[in-house]
Amino acid sequence: MKKLVLVIPCYNPIENWDNNLLECYNEFCSKIESDCDIILVNDGCTTDISLPISNLKKILQDRFIYVVHSENKGKGAALKTGVAQATSDIYLFTDIDFPYTTDSMVEIYKNALIKNGIVCGYRKSEYYNHLSFTRTLISKGLRFLNTFVLALPTNDTQCGLKAFDNDVKNLFLKCETDRFLLDLELLLSVNAHGLEIHPVHVVLNEDVTFTKFNYSVLFQEFGNFIKLIFKYRIFYKFNK
């Protein structure tokens, strides 16, 4: 059996998040018929989560690894810190609220067991039922660019449910993006280095909610998107 670790970034989670994490974790482990480690990265939380963390340590014991950033660095930075802490065969990351169904997580894991490279969640049209009009426009716009500008094997780069092997881990830790476009940079790097990308259909939980969009982050990420185009579609193309 290949060893699996779950890597989860955490920033100011909602109330009762730890109980939800335990419930989802136990259901997932039951379905794959195996326990796995969890690495949770506190990305500079400004709310006190010491009591939930203490409860998780008590229940999960040596299956739970807790890492703290003294200040908020971004989801991408938190994921890289978490993956760097682990020695495993498969690295699977998701969000603190476990927004995807357990069956979706199981499918990602099962595919990662038998396929090399990275297995990434792919959301179909029903995903947009959960989004605001603005988020829908942004998501569809990015998918268009991923298909016709970046020519990736999947246009849903931002799905926060992915699993990969150690070859991809090495590329993952070299990514420079620290916020939301880390997912995009990772897939661009995997594609540029000739490793495999395997999209798998995943489904959101019915009760999932999204936080308000930070437009200042959007403008910052647009600049990062331009940098990624130059790095992976121009630099790599002419330096092969």
Side-chain angles (χ1 to χ4, degrees), residues 4-30 35-88 91-102 104-105 108 121 130-132 134-135 158-163 169 172-173 175-183 186 204-221 224:
L4 168 69
V5 62
L6 300 181
V7 182
I8 302 173
C10 174
Y11 180 70
N12 293 348
I14 63 174
E15 187 177 354
N16 205 41
W17 65 270
D18 53 320
N19 290 327
N20 180 66
L21 183 150
L22 283 170
E23 181 180 345
C24 294
Y25 170 79
N26 288 330
E27 184 179 0
F28 175 69
C29 290
S30 175
D35 289 335
C36 61
D37 292 343
I38 291 181
I39 298 179
L40 191 146
V41 183
N42 177 342
D43 188 32
C45 288
T46 58
T47 56
D48 184 10
I49 61 171
S50 57
L51 181 58
I53 292 298
S54 177
N55 290 337
L56 290 172
K57 287 180 177 179
K58 185 183 300 184
I59 294 170
L60 296 174
Q61 299 182 8
D62 58 356
R63 288 174 289 162
F64 184 72
I65 301 169
Y66 182 55
V67 186
V68 179
H69 285 171
S70 59
E71 60 183 30
N72 179 254
K73 297 181 179 180
K75 177 183 176 180
L79 287 172
K80 285 186 286 185
T81 294
V83 170
Q85 297 287 322
T87 301
S88 188
Y91 307 82
L92 188 154
F93 64 73
T94 189
D95 295 319
I96 189 69
D97 57 344
F98 282 70
Y100 296 94
T101 64
T102 303
S104 294
M105 293 182 62
I108 293 289
H130 298 267
L131 299 187
S132 66
T134 302
R135 277 183 176 268
Q158 299 311 112
C159 178
L161 183 59
K162 294 180 174 68
K169 174 188 177 180
F172 185 75
L173 296 180
C175 289
E176 298 177 356
T177 307
D178 283 338
R179 295 196 177 274
F180 296 105
L181 285 184
L182 173 69
D183 295 82
L186 174 60
L204 285 165
N205 289 310
E206 286 297 325
D207 59 349
V208 68
T209 57
F210 290 89
T211 57
K212 291 183 179 180
F213 204 88
N214 188 327
Y215 287 95
S216 63
V217 173
L218 174 62
F219 288 118
Q220 180 182 344
E221 291 296 81
N224 288 331

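One distance of note links CZ of F172 with OH of Y91; it measures 11.0 Å at 0.5 Å rounding. Summarising the geometry, atom CD1 belonging to I49 is positioned 9.5 Å from atom CG belonging to D18; distances are rounded to the nearest 0.5 Å. Interatomic distance, N224 CG to E176 CD, rounded to the nearest 0.5 Å: 10.0 Å. How far CD1 of I96 is from CH2 of W17: 4.5 Å, rounded to the nearest 0.5 Å. For the atom pair CD of Q85 and CG of L40, the computed distance is 12.0 Å after rounding to the nearest 0.5 Å. Atom SG in C24 sits 11.0 Å away from atom CG in N19 (nearest 0.5 Å).
Proximity of P9 to D43: side-chain heavy atoms (C-beta onward) are nowhere separated by under 4.5 Å. Contact check for F93 versus D183: side-chain heavy atoms found under the 4.5 Å cut-off. No side-chain heavy atom of T101 sits under 4.5 Å from any side-chain heavy atom of E206. Under the 4.5 Å side-chain criterion, counting only non-hydrogen atoms from C-beta, I38 is in contact with L21.
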Residues 56-66 side chain polar contacts: donor-acceptor under 3.5 Å, at least two apart:
residue, atom, partner, partner atom, Å
R63, NE, L60, O, 3.4
R63, NH1, Y25, OH, 3.4
Y66, OH, N42, ND2, 2.8

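Between the side chain of T81 and the backbone N or O of A77 there is at least one donor-acceptor pair closer than 3.5 Å. A donor-acceptor pair under 3.5 Å links the side-chain atoms of N12 to the main chain of T47, judged by distance alone. In terms of modelled atom types and a separation under 3.5 Å, the side chain of D95 and the main chain of D97 share no donor-acceptor contact. Remark: the backbone N or O of T177 is paired with a side-chain donor or acceptor of K80 at under 3.5 angstrom.
Taking both residues in full, the closest heavy atoms of Q158 and F180 are given as NE2-O, 2.7 Å, listed atom of the first, atom of the second, then distance. Smallest separation of non-hydrogen atoms from G82 and I39: O-CD1, 3.4 Å. When all heavy atoms of L92 and L161 are compared, the closest pair comes out as CD2-CD1, 3.8 Å. When all heavy atoms of C45 and C10 are compared, the closest pair comes out as SG-O, 3.6 Å. C36 and L4 make their closest contact through CB-O, 3.3 Å (heavy atoms, listed as atom of the first residue, atom of the second, distance). Nearest approach of C159 to Y100, heavy atoms of both residues: SG-OH, 3.4 Å.
For E23, the salt bridge (Lys or Arg N to Asp or Glu O under 4.0 Å) criterion is met by no residue, not counting sequence neighbours.
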| message | side chain to side chain contact (heavy atoms under 4.5 Å, CB included) for K75 and L182? Distances and angles first, verdict last. | response | CA-CA 8 Å; K75 177 183 176 180; L182 173 69; over 6 Å; no

